[in-house]
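For clarity, every value in this text was computed on a predicted model and none was experimentally measured. Order of the sequence lines fixes the chain letters, A, B, ..., with proteins taken first and strands second; residue numbering starts at 1 for each chain.
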Amino acid sequence: MESFLEHLNKEQHAATVQSEGPVMVIAGAGAGKTRVLTYRVAYLLSKGVDPFNILALTFTNKAAREMKERVINLIGDAEGRNVWMGTFHSIFAKILRIDGHLLGYPSNYSIYDSDDSKRLVRLIIKEMDLDNKLYSPNYVSHRISAAKSNLVSPVEYANDPDILSADESARKPLIKDIYKSYNERLKRADAMDFDDLLFNTFLLFSQFGETLYKYQQKFRYILVDEYQDTNHAQYLIIKKLAANSENICVVGDDAQSIYAFRGANIGNMLNFKNDYPDYKLFKLEQNYRSTKIIVEAANQVITYNKDQIKKTVWTDNDRGASIGLIRARSDNDEGDLVANAIFEKKMNNQLPNYAFAILYRTNAQSRSMEEALRKLNIPYRIYGGLSFYSRKEIKDLLAYFRLTINHNDEDAVQRTINTPARGIGKTTMEKLSVAAHEHNTTLWEVLNNPLSFQVQLNTGTRTKISAFTTLIKSFAAEVQKKDAFEAAKHIANASGLLRMYREEDTPEGINRVENMEELLNAIKEFTEKGAEQNAGDLQGQGSLEEFMQNVSLLTDTDNDKEEDRDKVTLMTIHAAKGLEFPYVFIVGLEENLFPSIQAINTRADLEEERRLFYVALTRAEKMLTLSYAESRFRWGQFTLTEPSRFLDEIDEQLIDKPRKAATQKAGGKRAESQSPGSNYRSLKTKSHTAGKGGTNHSTFEASDPAALQTGMEVEHSKFGKGKIIALEGQGPNKKATVFFNGIGNKNLLLRFAKLRIV
DNA sequence: GAAGCACTACTTTTT
DNA sequence: GTAGTGCTTC
């Protein structure tokens, strides 16, 4: 029975078979963290532990799915399927479906993703008549989310002197009111946001001892992956669940903690020994993933951080190739050089596309990479960015599903009622929502009977509204009768959404129809597999309701399709955590980009940024290439950039001489996205703006940049008159800082910005 | 009430 | 460069 344990090294083995009591595993990158978790689950099962008694919490759905597959393979028994294995959010969502009624939630509650939740915040800010520049929905959402992650309720928020004074000095004292009203609205819509899934689980376990006891009895064995990235709420929930059995195993690496910005607390790792004084600690330090050079570079970088748990990551692997360094002239140039390097490597060594990954700090950087890869016909797949599930047409369709299942979902009403246009406009909706608010009831109630809530509407509008509610009710009936796919198809057609986009008859419209069909396909797949893939033991018939229970928690990474297998991977470093690739390119290593400009002011932020770099470095198995550009198109402007400080933190002996921007001839001529054939679609819109700063103003005559002096009065075609504050750089890189009246300082690259001396 | 156009803010990272 | 918002016109 223990045969599979032979695959483990001594430490891994020890950590795996220590199945009882509190255990912490600190593992360096590539040291087999996931392996230990997987084998622990398999080991428990092989010892006869009931799979229903095991809870394994991961960070992504993908990690959970893969672990489940591997466990089943290891023990050769499908019983492994019954382990509760999933993300914190999905497992807690499931618990709340079952027991959330104790807190007053129906089991068909809606889950609002960050988009939906931000929409609601924005709406409230507007209703409260606040300035949405001061009270930016982003900022307010972030504050609310941070409060929830720390289990601070609206009441506690409003009574916490520290929080209040922080908000006051940010001149946003009303956030406490927004928070309060936001939560009331969510509750009234029978909806929870991501943070509520944690917060409410915590409340459930705190207020209902019997329920807590039920789950303590159920989850005799608890395993937590990526423990360094848990927040306070997650920490306390786990602690409660484990309080009885104390069979808890957490696995993590403080050096890979990269989610402090959303409330993750490395302190949870340090606290473990206080909570469980007789815990066993295992350290996995042998890296099996990367070459010596890569491990060495990563170790060097991380020593620049002060806060860290001491450990020595080492490897027995080959020394490997030195780290490549690419210096590009611009972001587009960087794309070309990286794509060429991939092309060369691939051809010389006969490698598949999937051996390569390009990692970046921000999603916006993918564009230049995409264009370059497309030029060379290298297939690629982008993860993240504008995710499939956040596209408008997908949100629209999902909103219909949500409303069908949960009529109280106000956001879903707002999204669907006039898409496609039904002649129910803003004014009408305002009246209805005011009435709902005044009578303290749901929008749906009012829609069903506007007269009894004294809403003044003409008969025509009333007919339109009742047609809409009848439609939604008919959908609800369909959902009862049909499986998820049939019901979804019916809704897509009968709602008129599909027709609306089809009739647009534009490339975008066609694309949107295709996307909706893709969603329907996903639902079909779900229906065919029944609820089996549904990360748990909910045995169902594959109804639309079941599909919707998980969909808001899905991300792009969760859609692995056959045809996507042999492609170069493009993703942010955050998304790459936990993954590995033979050949890795880390691009955009520039000051203010990586490290990000918003992360260079405090040590804590900078260290998180450095850990992010550490994560990036350690994704590589065989070869690593770093790159940076000397200028970059950002905020619709060219900016000059400097190489990242992180580059200096790697011993230069490990790095190859920079591969120069060797783009042959054609000195400064930029290929400027004129790739033939690739983008007919955007051509129409692009041709207007293509003449960046030049052609639009053919009458505007610029002065020779060389003639400009500090202090001169100049005029810009767009910004008007201003005064040169400073000049720097030489020749084509000459840059001016100009103060424009009523606009402020602008940094202009004189190669592009046309200035005329007044 | 709907469609079209111009303006603005945004880009850190995600369940 | 983009998406969302708000203004204007029909």
Quiz item: Which residues satisfy the side-chain hydrogen bond (donor to acceptor under 3.5 Å, both in side chains) test with A:Y112, sequence neighbours excluded?
Solution: A:D409
Quiz prompt | A:I597 or A:D195, whichever maps to the more 5' nucleotide of DNA chain B | solution = A:I597
Using nucleotides 2-6 of chain B, report all nitrogen or oxygen pairs with the protein that are shorter than 3.5 Å.
unit_1	atom_1	unit_2	atom_2	d
B:dA2	OP1	A:G423	N	3.1
B:dA2	OP2	A:N418	ND2	3.1

Practice problem: Return the value, rounded to whole Å, for the distance between atom CG of A:D116 and atom C1' of B:dT15. | Solution: 14 Å
Self-check item: Atom pair CG/CD of A:L398 and A:E393 - distance to nearest 0.5 Å
Solution: 10.5 Å
Practice problem: Let me know the distance between NZ of A:K118 and C1' of B:dA9, rounded to the nearest Å. | Solution: 13 Å
Quiz item: Looking only at atom P, what distance separates C:dG4 and B:dT13, rounded to whole Å?
Solution: 16 Å
Quiz prompt | Euclidean distance, atom OH of residue A:Y383 to atom P of B:dT13 [Å, nearest integer] | solution = 18 Å
Quiz prompt | Heavy-atom neighbours of A:R499 CZ exceed 12 at 6.0 Å | solution = no
Practice problem: Kindly confirm whether the side-chain ring of A:Y259 is stacked on the base of B:dT13, judged by centres under 5.5 Å and planes under 30°. | Solution: no
Self-check item: From B:dT13, B:dT11, B:dT15, nucleotide with atom closest to A:A364 side chain
Solution: B:dT11
Quiz item: Just checking A:T427: base, sugar-phosphate only, or nothing, at a heavy-atom cut-off of under 4.0 Å?
Solution: sugar-phosphate
Exercise. State which of B:dT15, C:dG4, B:dT13 makes the closest approach to the side chain of A:R122.
Key: C:dG4
Exercise. Show your reasoning for whether salt bridge (charged side-chain N to carboxylate O under 4.0 Å, His left out) applies to A:D336 and A:K375.
Key: CA-CA 9 Å; A:D336 289 338; A:K375 270 189 241 164; 3.1 Å; yes
Exercise. On DNA chain B, check which nucleotide each of A:S136 and A:I258 is closest to and give me the residue with the more 5' one.
Key: A:S136
Exercise. Would you please confirm or rule out a distance under 4.0 Å between OP1 or OP2 of B:dT14 and any side-chain N or O of A:S114?
Key: no
Quiz item: Tell me: CG of A:D605 to C1' of B:dT13, nearest whole Å?
Solution: 12 Å
Quiz item: A:I125 has an atom CD1; how far is it from atom C1' of C:dG6, in whole Å?
Solution: 17 Å
Practice problem: Write down the distance separating the C1' atoms in B:dT11 and C:dG6, rounded off to the nearest Å. | Solution: 23 Å
Quiz item: Given atom CZ of A:R367 and atom C1' of B:dC10, what is their separation to the nearest angstrom?
Solution: 14 Å
Quiz item: Partners of A:S117 by side-chain hydrogen bond (donor to acceptor under 3.5 Å, both in side chains), sequence neighbours excluded?
Solution: A:Y182
Quiz item: Tell me: CG of A:L197 to P of B:dT14, nearest whole Å?
Solution: 19 Å
Quiz item: Is A:F59 touching bases, backbone alone, or none of the nucleic acid, heavy atoms closer than 4.0 Å?
Solution: sugar-phosphate
Practice problem: Have a look at A:N138 and say if it touches a base, only the backbone sugar-phosphate, or nothing, with a 4.0 Å heavy-atom cut-off. | Solution: sugar-phosphate
Quiz item: If you check every side-chain atom of A:N363, which of B:dT14, B:dT11, B:dT15 has the closest atom?
Solution: B:dT14
Self-check item: Residue-phosphate contact under 4.0 Å: A:S90 side-chain N/O, B:dT15 OP1/OP2
Solution: no
Quiz item: With sugar-phosphate meaning primed atoms plus P, OP1 and OP2, does A:R611 contact a base, only sugar-phosphate, or nothing at under 4.0 Å between heavy atoms?
Solution: nothing
Self-check item: A:K392 NZ to C:dT5 P, straight-line distance once rounded to whole Å
Solution: 11 Å
Practice problem: Find the distance between CG (A:L120) and CD (A:Q414) and round it off to the nearest 0.5 Å. | Solution: 9.5 Å
Quiz prompt | Selection from B:dT15, B:dT14, C:dT2 that lies nearest to any side-chain heavy atom of A:T60 | solution = B:dT15
Exercise. Look at the rings of A:F92 and A:F88 and say which category their plane angle falls in: under 30° parallel, 30 to 60° tilted, over 60° perpendicular.
Key: perpendicular
Self-check item: Separation between CG of A:L96 and OH of A:Y105, rounded to the nearest 0.5 Å
Solution: 8.5 Å
